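Taking it in order: structure first as structure tokens, then the write-up.
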Amino acid sequence: MYSHCSRPLHPMLLVLGMKKEEIKSVRIPRGCEIVVTTPPTFLRLLEHHSLLFLRLCHLVFDEVDVLFSDAKEQILTILQYYKSNLSIEEKEFVPQQIVAVGNHWDKNVEVLTKEFMNDPYIVITSMGEAAIYGKVQQVVQLCLECDRISTLLQTLDFTPMDAQKTLIFTSSVEERDMVYKAVQSISIFCLKMNPGIGFHSDYIVEQWNKTISPGTHIVLVLTDDCMAAVKFTDATRVIHFSFPPTPRIFGARLHGLSANFQNSVEKSPLLGKEQSKAKSILLLTEKNACHVVGVLNYLERAEAFIPPDLYNFTRGVLEAKEEKRSRQPFCSSIKSYGICKNKKRCPDRHRINFQIDVPSKVADKALQTGGIITILPLFIVDATNYLGRVVGKWGNLYTALETEMKDYYQESSNCTPVDKVEKLAMYGLREENYFHRVQVLGVEQKEEPGVFYNVDIKYIDEGRTGYVQNRHLLSLPEQFQTLPPQAVEFIVCRVKPIDNEAEWHPKVSRCINDKIRGKPHEAKIALALGNTIWVDPVIRVTKLQDLKTSINEYNIRSEILSTGLGVDNPEHIQELEKLFNEAEIPHEKKEKPALLNPPTDGRNEEAEPVEQNDSNPAILSSETSNKQPLPVVQKLQHSQDIIHDGYSQVSLENHCNETVQNKNNEDIQQISPKCFHPPIKWFDKQDTVVVKIKLQNISSYDCRIFEQRITFSASANGKFYLADMELQRSILREKSTCVLKGNEPTILLVKVKKEPWCNLLKKKNHHVSFDFDYLDDNEERSPFCVGSSPKKVYQIPIGVCEEEEEEEEESSKDSDSESDLSSC
């Protein structure tokens, strides 16, 4: 009917990032009269196309309460721009209008109506929201169920000079009679109303409508089904003796106060200074615990006084709800961004549960929780969330499995469809020339036997899910079911969508999918939890076989930022580590330690707390403890981790700043203090190895010794130092110690076998070097053949092959420090 008399408006949807070239190239087509966009996008357009919006006549805010809570500054800027354009002479006869639609009334909407609307017309369909608009005083009285009567009588202690009309709502006739007798006992004129309409209701109406003088108090006790008969609106107080079961009933009760609502949009200087006559008093008991969160939110929006006990009560209810979700999956929003914007309604778990979040196993071994790994993204969920595999460590086993499956199913006699599909069972599936192991998650109900039906499956070696018909599933022999699933979830850290969006723009996800899917990438593990690994950075590395070196093609995080649809998120890992610390000590307040605990990397060594020797407080020992640390989460390591690809050594520590050179560096430094590797010197003795940490003015330090590994951390001169060293050979950890000699930490390592050590570490570290000063004084006892000039002549241990000698010579040329013999 309306299509014959209305003209086409040609609406246009605009969602833009922060790339200036893209914004400048925007062209609104001719005839377009409506633009649908977001506040940040509108401001970015306004910055480059200010003249384009001189024709702006109408502003429509959908979900205005959400807009003000998420983008208040942007909304106010848009309103100021709109208001300034009202004075343009050319628009004198052009209609101007602001339309705001929302679910809740709050003070921000009130500012909109007062400051930016000349003659606002307000329609409120919810009486609960109308009570907030009308400045009704909301009061909550916490009490026990058995003490409701005494709390009610204390509430009825009226001010003598005010005339009061009070409605007390009960849930049943028996409860009404009980309240009526209690109120009459304190000599207050009280009426009670029976259900139904009759002569008794007429008497109640007559008594209620009489003019009362100041100091007179009248109380009416009734049930909810009586309110429709009398339709009172001039009450000054409503007391909810029984909790309103639904928001509709709560609003119907508040309708009895509507004649005393204030007009919140009146531009009167006295408005807000006078206290409203209307008051709503709610008795909240332990039986209404499930409603306390909603009550607290309502009180906050009404700007009412909130008892401290209500906060404690609400906290306890939220704790109980969180406990009920302890077996649910970990919240995907917290995984991806560190926070969940819809935490109160989100059905997922928001805490770490060590019973569920145990490290997954691949090839009967737990996933690596630290260091450098090679990942293969196979399914791109969004721009930062991928499903795929960890390759390199277990690649041979699964590569052999793929080959064996392909050879097995090449025989047509082995491709036998499954007769009966069972839930959670494993089967084979052919897709083109590839064969996959799949697990059945659900089976569609079959109406007739012999008819094909859909099956919900999961590709256990890739992580993705899908639907196939039952006829495509193949029997999977037992020999192909022995290896555990190798699918792992990877999440790129420290980046999130612009404008606090909850999801990535499809444009970014498509770009990342085309770039990385099916290609191996080098990544550094930041955290590991269950089957999820947080990685930062993630680098595409191309090896040049002829030149024996590698090229870093791109950094995934930098690629996301370059699209203009992502921003830095420095709190990501910080929030996850906070959850991990709370999971370790769930009900105690844990102070942040001065030094970072050394990370675990999946070894079987047990890290014990360091204890001080009574005789010498500077001596630290690593004694055996029965408590083994939980290897669920690996903290972000700031030490320099090196990838050794057979031809060159590529430091991932420098890749974070590879493409984006802006304030990201400042944000990263705000997460945690910059970490330095201390200079270390060592020398060999007959039965021990002495390691010296060349630091002075140490304020605090921590040393932990394992059978084949040392971790040392210290604070000195306002800087934090961390060293995690994997030894070339084993030591006796019980007899090894760390002492302070001349204000310099010295680690004494007792050998398992009394034989010369040609090097200290398994991998070269240019911060660790041999102590030549010791050689000058102890040449006869040294296993090294000393030359005349240590800085020009490389001191090579006896028996080292020529290839190792050449490799050491090349690596020494690249080192900025003095000659290092630790990797000879």
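As the structure is a computational prediction, the values presented were derived from the model and not from experiment. Only heavy atoms go into these numbers, but all of them, side chains included; no hydrogens, no water, no symmetry mates.
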Determine whether N531 and V488 satisfy the following criterion, side-chain contact (heavy atoms from CB on, under 4.5 Å), listing intermediate values before the conclusion.
CA-CA 6 Å; N531 197 42; V488 180; 4.2 Å; yes

Which pair of non-hydrogen atoms, one from W757 and one from S730, has the smallest distance, and what is that distance?
CZ2-O, 3.9 Å

Using side-chain heavy atoms (C-beta onward) and a distance below 4.5 Å, is R327 in contact with R349?
no

Any side-chain heavy atom of E522 within less than 4.5 Å of one from I372?
yes

So do V689 and I731 actually touch side chain to side chain, heavy atoms under 4.5 Å?
no

Geometric cation-pi criterion R464 and Y459, 6.0 Å radius, 45° cone
yes

Among residues at least two apart in sequence or on other chains, which ones pass side-chain contact (heavy atoms from CB on, under 4.5 Å) with K458?
L441, T465

Contacts of R510 meeting salt bridge (charged side-chain N to carboxylate O under 4.0 Å, His left out) (sequence neighbours excluded), chain-then-number -> none

List for me each residue that meets salt bridge (charged side-chain N to carboxylate O under 4.0 Å, His left out) alongside K519, sequence neighbours excluded, and say none if there are none.
none

Parallel, tilted or perpendicular: which one describes the rings of Y721 and F676, with boundaries at 30° and 60°?
tilted

With sequence neighbours left out, the residues meeting side-chain contact (heavy atoms from CB on, under 4.5 Å) with Q481 are M426, L476, E478

Quick one: does R437's side chain have a donor or acceptor within less than 3.5 Å of a partner on F480's backbone?
yes

Side chain to side chain donor-acceptor pair (under 3.5 Å) against K406, all qualifying residues, sequence neighbours excluded:
none

Under a 4.5 Å cut-off applied to non-hydrogen side-chain atoms, are E726 and L761 in contact?
no

Decide yes or no for E755 and R729: does some side-chain heavy atom of the first lie under 4.5 Å from some side-chain heavy atom of the second?
yes

Answer yes if the side chains of D536 and H572 hold a donor-acceptor pair under 3.5 Å, and no otherwise.
no

pair K335-N385: side-chain heavy atoms closer than 4.5 Å
no

Verify salt bridge (Lys or Arg N to Asp or Glu O under 4.0 Å) between E575 and K496, making sure each step is shown before the conclusion.
CA-CA 14 Å; E575 292 295 328; K496 64 180 179 181; over 6 Å; no

Nearest heavy atoms of I573 and A526, plus distance in Å
CD1-CB, 4.0 Å

Ionic contact status for K751 with D684, cut-off 4.0 Å:
yes

Please tell me if the side chains of P679 and L695 come closer than 4.5 Å, counting only heavy atoms from C-beta onward.
yes

Report the residue from Y554, Y386, F490 that forms a ring pair (Phe, Tyr, Trp, His ring centres under 6.0 Å) with H521.
Y554

Closest non-hydrogen atom pair, F683 against F770
CA-CE1, 3.8 Å

Treating R494 as the side-chain partner and P570 as the backbone partner, does any N or O pair qualify as donor plus acceptor under 3.5 Å?
no

My understanding is that only residues two or more places apart in sequence, or in another chain, count here; which of them pass salt bridge (charged side-chain N to carboxylate O under 4.0 Å, His left out) with E503?
none

Heavy atoms of H350 and F330 approach each other most closely as C-CE1, 4.0 Å

Main-chain N/O of D461 paired to R389 side chain as donor or acceptor, under 3.5 Å
yes

Between P678 and K694, is any pair of side-chain heavy atoms under 4.5 Å apart?
no

